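In what follows, a single structure is set out as structure tokens and then discussed.
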Amino acid sequence: MPDSPFGDWDGTPAGARLLQQELAGQVVLSDDFLDLGLIAGVDVGFEEGGGVTRAAAVLLDANTLGVLAESLVRIPTSMPYIPGLLSFRELPAVLCALAELPRVPDLIFCDGQGIAHPRKLGIAAHLGVVSGLPTIGVAKKILVGTHAELGSQRGDQVPLMYRGEVLGAVLRSKDRVRPLIVSPGHRVSLASAPRLVMACVTRYRLPEPTRLADRLASRRA
DNA sequence: GCGACAG
DNA sequence: ATCTTGTCGC
């Protein structure tokens, strides 16, 4: 049996939660990256009524946002979706897609939460710890936390609070659109995550890395 | 016990 | 996430 990206996980939801608590202790929340030349976006889609997991990874030039490479992989789905345990369902495929890219990115944008998670280990944080690479979580909905009223202009943001601490930001990437939930994954600070996301937003609600990965992953075969 | 609940 | 066409609005 090939080793899973989850170490000695016993396969149970309870065991997954214990592993999350352990890995959360390895997350680095300070900016720990130099030149951002390459940024990757990753996302997952499903086929066959959910039996096949399809992961997409798109590599872009951090300065021009031009696409340098793409990868798409399909593997059998191994676990159902359980709120709070998304990474155990999607990470295996995501790691395969990333491995297919011709270069290792300097930063990865992930569709889903970073540390804005019950145990501070959303899929972006989990991906960061297992890959060792800087990551940011860009979600379309809140998993946990509350926030104050948000301004309506592009770039407006308010802190996402949970159990008395700031775990991310609710960010208006465009005028008149539902805000994005942005949180650091690994090796990126709470302050930098939103600005890095805004730096990758063009004319759409989602920043280019995840928007392109999203389109590729869900594009009907 | 009663809801909430990324994708 | 996915099942699904056209349609209303900026």
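The structure displayed is predicted, hence computed values, not measured ones. Just the heavy atoms: all of them, side chains too, but no hydrogens, waters or symmetry mates, feed the values below. Letters A, B, ... mirror the listed sequences (proteins, then strands); counts begin at 1.
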Using a heavy-atom cut-off of under 4.0 Å over every strand shown, decide if [X] touches base, sugar-phosphate, or nothing.
X	result
A/Leu85	base
A/Gly137	nothing
A/Gly45	sugar-phosphate
A/Tyr81	base
A/Ile82	nothing

- [ ] Go through DNA chain C in 5' to 3' direction and return only the first and the last nucleotide with some atom under 4.0 Å of chain A's heavy atoms.
- [x]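 Here the contact window of chain A covers C/dA1 to C/dC10.
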
Using whole Å, report how far [atom1] of [X] lies from [atom2] of [N].
X	N	atom1	atom2	result
A/Phe109	B/dG7	CZ	P	16 Å
A/His126	B/dA6	NE2	P	19 Å
A/Glu90	B/dG7	CD	P	9 Å
A/Gln113	B/dA6	CD	P	8 Å
A/Arg54	B/dG7	CZ	C1'	15 Å
A/Leu91	B/dG7	CG	C1'	12 Å
A/Arg89	B/dG7	CZ	P	13 Å
A/Asp43	B/dA6	CG	C1'	11 Å

Task: Dot-bracket pairing map - DNA chain C, Watson-Crick plus G-U, both contacts under 3.5 Å, | cross-strand - done: ..........

Task: For DNA chain B, the dot-bracket pattern of Watson-Crick and G-U pairs whose distances stay under 3.5 Å, | for other-strand partners - done: .......

[atom2] on [Y] to [atom1] on [X], rounded to 0.5 Å:
X	Y	atom1	atom2	answer
A/Leu101	A/Ile108	CG	CD1	8.5 Å
A/Ser152	A/Arg172	OG	CZ	6.5 Å
A/Leu95	A/Glu90	CG	CD	11.5 Å
A/Leu121	A/Ser87	CG	OG	6.0 Å
A/Glu208	A/Thr64	CD	OG1	10.5 Å
A/Leu65	A/Cys200	CG	SG	5.0 Å

Open item on the list: Can you confirm whether the side chains of A/Ser30 and A/Ser189 place a donor and an acceptor under 3.5 Å from each other?
Closed with: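 A/Ser30 vs A/Ser189: no donor-acceptor pair found between side chains.
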
Open item on the list: Taking the nucleotide of DNA chain C with the nearest heavy atom to each, does A/Arg176 or A/Asp214 sit closer to the 5' end?
Closed with: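 Of the two residues, A/Asp214 wins.
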
- [ ] May I ask you to say whether A/Lys140 pairs ionically with A/Asp111, meaning some side-chain N is under 4.0 Å from a carboxylate O?
- [x]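 Looking at A/Lys140 and A/Asp111, the cut-off is met.
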
Task: Side-chain ion pair, A/Glu165 and A/Lys120, N-O less than 4.0 Å - done: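 Looking at A/Glu165 and A/Lys120, the cut-off is met.
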
Task: Under 4.0 angstrom between A/Lys141 side-chain N/O and B/dC5 OP1 or OP2 - done: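 So the side-chain polar atoms of A/Lys141 never come under 4.0 Å of the phosphate oxygens OP1 or OP2 of B/dC5.
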
- [ ] Check whether the ring centres of A/Tyr162 and A/His117 lie less than 6.0 Å apart, and answer yes or no.
- [x]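 No: the rings miss the under 6.0 Å criterion.
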
Open item on the list: Donor-acceptor pair, distance only, cut-off 3.5 Å: does the side chain of A/Asp61 make one with the backbone of A/Gly66?
Closed with: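 No.
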
TODO: Sort out for me which residue in A/Asp31, A/Thr135, A/Asp32 forms a side chain to side chain donor-acceptor pair (under 3.5 Å) with A/Arg187.
DONE: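 The single option meeting the side chain to side chain donor-acceptor pair (under 3.5 Å) with A/Arg187 is A/Asp32.
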
